[in-house]
Amino acid sequence: MDATLPQDGRIVILTGAGISRESGLSTFRDADGIWSKVRIEDVATPQAFARDPARVHEFYNARRARLLAGGIAPNPAHRALARLEAEWPGEVLLVTQNIDDLHERAGSRELVHMHGEILKGRCAACDRVGAWPKTMSLESVCPGCGAAGHMRVHVVWFGEMPFEMERIYGALARCDLFISIGTSGGVYPAAGFVQEARFSAGARTVELNLERSHGADLFDAGRYGPASEIVPAYVEALLESASVRPRAMTSRRQS
Ligand code: BV8
């Protein structure tokens, strides 16, 4: 384990669809991924929603129903990150590109859904955001303003600004360790976070993935295999390293 990480170092974690694969949810770019079945332009852009909202509702209704189906639950990788948040002496922020609720169900709390949440709905008429654990359609009525026909799933489509970018960039600029898990590194601005952590904070950067991602060369280190195996092992080693090292001796910031 990396001896330079201060015992109370600040950690930022980025997760992608790969961490939820072993929970039974599809990824996007793998051979049997979502984008092998539907085109981004038809279901995940504001233009697609304007053109054919029923098609977009159908796409997200199917993914929402899959998430709420029995048998879909957090796996050891999700649980290991919740444990890290609970036991690591320093700050831990978990930024996910995933719109599922498996991190919350595993117990993570310091969590940012930068691409939104499929179990939430937003009214385009009054901008109210609220829980929406059911199908959505053009007839759906906003619980806030009562208007029908303006509800949309509370996710970030291509061409839209991701959520909480200031909080994310703020944490990246002062982190000591950046860990990227289960993401191909093909979608921005998330794919640029490794450089942000590396160059604005001088952080150590590690990717944990089934295979080398598009940005693998940008990381100081990489561990490869199924998330449910490599993430718990990495978290165990990290916590172990914190427990053996007395607080006083480590803090780089003292220098
Ligand atoms: C924006 C929500 C302005 C909806 C999603 C710069 C250059 C080029 C293009 C752009 C650029 N800047 C912006 C763009 C445009 C665009 C973009 O990046 N296009 C791509 C296609 C090139 N970006 C945007 O439009 C973004 N908005 O830029 O606004 C702006 C600019 C600057 C600063 C602020 C704002 C908005 C993008 C968000 C779109 N919404 N999701 C929904 O889910 O339906 S993106 C969606 O796809 C996911 O959220 C995720 O972000 C992305 C998919 O990536 P992954 O999660 O990584 O999944 P993938 O399948 O690709 O990979 C899975 C990985 O897991 C693989 O590596 C695999 O090996 C691994 N794996 C598989 N199984 C396992 C595993 N690992 C471990 N264990 C396993 N078992």
Side-chain angles (χ1 to χ4, degrees), residues 13-49 55-64 66-67 74-78 80-81 95-103 112-120 122 136 152-170 172 179-196 206-216 218-219 222-234:
I13 304 160
L14 174 71
T15 63
I19 199 171
S20 295
R21 185 85 183 75
E22 295 162 85
S23 293
L25 297 180
S26 303
T27 60
F28 293 85
R29 286 174 177 68
D30 290 315
D32 60 350
I34 291 172
W35 302 144
S36 70
K37 300 183 178 73
V38 291
R39 294 179 336 129
I40 287 177
E41 297 79 359
D42 296 337
V43 293
T45 65
Q47 297 78 7
F49 190 61
R55 172 96 186 69
V56 174
H57 282 312
E58 183 197 336
F59 172 66
Y60 286 100
N61 286 340
R63 289 172 65 190
R64 189 183 299 106
R66 176 91 184 105
L67 176 60
N75 64 57
H78 297 103
L81 296 182
V95 179
T96 188
Q97 299 168 83
N98 300 343
I99 61 176
D100 65 54
D101 66 339
L102 298 181
H103 281 305
V112 172
H113 279 275
M114 71 177 290
H115 291 163
E117 300 169 68
I118 197 169
L119 297 180
K120 288 185 178 172
R122 184 164 87 234
M136 191 183 281
R152 59 162 281 179
V153 63
H154 185 54
V155 300
V156 176
W157 286 324
F158 288 88
E160 294 184 321
M161 177 70 85
F163 299 140
E164 300 195 60
M165 288 307 293
E166 257 177 69
R167 180 181 176 192
I168 296 170
Y169 280 132
L172 288 169
I179 310 169
S180 176
I181 303 172
T183 184
S184 60
V187 172
Y188 290 80
F193 290 173
V194 57
Q195 283 123 314
E196 198 66 30
V206 178
E207 82 163 354
L208 308 178
N209 215 46
L210 193 62
E211 62 204 352
R212 289 174 63 77
S213 71
H214 297 314
L218 300 165
F219 289 86
R223 296 195 178 185
Y224 300 97
S228 66
E229 291 167 20
I230 61 176
V231 176
Y234 185 81

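All ligand and atom numbering here is 1-based and tracks the order in the structure.
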Inset, instruction - Give the intermediate values and the outcome of side chain to side chain contact (heavy atoms under 4.5 Å, CB included) for residues Met136 and Tyr60. - result: CA-CA 8 Å; Met136 191 183 281; Tyr60 286 100; over 6 Å; no

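Glu207 places no side-chain N or O within donor-acceptor distance of the main-chain N or O of Phe219, the cut-off being under 3.5 Å.
Both the backbone and the side chain of Gln97 come within contact range of ligand 1, each with a heavy atom under 4.0 Å. Within the 4.0 Å heavy-atom criterion, the part of Glu160 lying near ligand 1 is the backbone and not the side chain. Residue contacts with ligand 1, taken as heavy atom pairs separated by less than 4.0 Å, involve Ile99 solely via side-chain atoms from C-beta onward. If you look at Ser184 next to ligand 1, the close heavy atoms, those under 4.0 Å, come from the backbone and the side chain alike. With a heavy-atom cut-off of 4.0 Å, Ala44 does not touch ligand 1 at all. Contacts of Pro162 with ligand 1, taken as heavy-atom pairs under 4.0 Å, involve the side chain alone. Only the side chain of Arg21 comes within 4.0 Å of ligand 1, judged by heavy-atom distances.
Counting atoms of ligand 1 from 1 in the listed order, those under 4.0 Å from a heavy atom of Pro226 are 78 (N). The contact set between ligand 1 and Gly225, taken as ligand atoms under 4.0 Å from a residue heavy atom, comprises 77 (C), 78 (N). Near Gly159, meaning under 4.0 Å from one of its heavy atoms, ligand 1 places the atoms 24 (C), 25 (O). Atoms of ligand 1 lying under 4.0 Å from any heavy atom of Glu22, numbered from 1 in the order shown and given with element: 78 (N), 79 (C), 80 (N). Short contacts between ligand 1 and Asp30, defined as distances under 4.0 Å to a heavy atom of the residue, involve ligand atoms 68 (C), 72 (C). Close contacts between ligand 1 and Gly186 involve ligand atoms 20 (C), 22 (C) [criterion: under 4.0 Å to a heavy atom]. Interface of Gly182 with ligand 1, defined as ligand atoms under 4.0 Å from a residue heavy atom, comprises 63 (C), 64 (C), 65 (O), 76 (N). Interface atoms of ligand 1 facing Thr183, defined by a heavy-atom separation under 4.0 Å, are 55 (P), 57 (O), 64 (C), 65 (O), 67 (O).
No side-chain heavy atom of Val153 sits less than 4.5 Å from a side-chain heavy atom of Ile99. A 4.5 Å side-chain heavy-atom check between Asp101 and Glu117 finds every atom pair outside the cut-off. Residues Val187 and Arg29 have side chains in contact (heavy-atom distance under 4.5 Å, counting atoms from C-beta outward). Residues His115 and Val155 form no side-chain contact, since every pair of their non-hydrogen atoms from C-beta on lies 4.5 Å or further apart. Residues Leu119 and Arg64 form a side-chain contact, since some pair of their non-hydrogen atoms from C-beta on lies under 4.5 Å apart. Arg212 is listed as a side-chain neighbour of Tyr224, based on a closest heavy-atom distance under 4.5 Å. For the pair His103 and Pro74, the minimum side-chain heavy-atom distance is 4.5 Å or more. By the 4.5 Å heavy-atom criterion applied to side chains, Val156 and Met114 are not counted as neighbours.
Between the side chains of Asp100 and Ser20, at least one donor N or O sits under 3.5 Å from an acceptor N or O.
The shortest N or O to N or O distance between Gly16 and ligand 1 is not below 3.5 Å. Between Val187 and ligand 1, no pair of N/O atoms sits closer than 3.5 Å.
Among protein heavy atoms, atom 76 (N) of ligand 1 sits closest to Leu210 N, 3.1 Å. Closest to atom 40 (N) of ligand 1, if we only count protein heavy atoms, is Val156 O, 2.8 Å. Scanning the protein for heavy atoms near atom 78 (N) of ligand 1, the closest one is Ala227 N, 2.9 Å. Counting only heavy atoms of the protein, atom 5 (C) of ligand 1 lies nearest to His115 ND1, 3.6 Å. Distance from atom 79 (C) of ligand 1 to its nearest protein heavy atom, with residue and atom name: Gly18 O, 3.4 Å. Protein heavy atom nearest atom 10 (C) of ligand 1, with residue, atom name and distance: Tyr188 CB, 4.1 Å. Looking from atom 58 (O) of ligand 1 to the surrounding protein, the closest heavy atom is Ala17 CB, 3.6 Å. Among all non-hydrogen protein atoms, the one lying nearest atom 69 (O) of ligand 1 is Glu211 OE2, 2.8 Å.
We find the CD-CG distance between Gln97 and Leu14 to be 4.5 Å, quoted to the nearest 0.5 Å. In this structure, Leu208 CG and Ile179 CD1 are separated by 6.5 Å, a value rounded to the nearest 0.5 Å. The CD atom of Glu166 lies 10.5 Å from the CD atom of Glu164; values are rounded to the nearest 0.5 Å.
Heavy-atom proximity to atom 53 (C) of ligand 1, evaluated over Met161, Arg29, His113, Arg63, is greatest for Arg29. Distances from atom 16 (C) of ligand 1 to the heavy atoms of Phe28, Tyr224, Trp157, Phe158 put Phe158 nearest. When the heavy-atom distances from atom 66 (C) of ligand 1 to Val153, Ile230, Val38, Asn209 are ranked, the shortest goes to Asn209.
Note that atom 3 (C) of ligand 1 has no protein non-hydrogen atoms nearby, at separations under 4.0 angstrom.
The aromatic rings of Trp35 and Phe59 sit parallel, their planes meeting at an angle under 30°, below the 60° perpendicular limit.
Ion pair Asp32/Arg21 flagged as a salt bridge, since at least one NZ, NE, NH1 or NH2 atom sits closer than 4.0 Å to an Asp/Glu carboxylate oxygen.
Of the residues listed (Thr183, Thr96, Leu81, Asn209), the one engaging Ile19 in a side chain to side chain contact (heavy atoms under 4.5 Å, CB included) is Leu81, and it is the only one.
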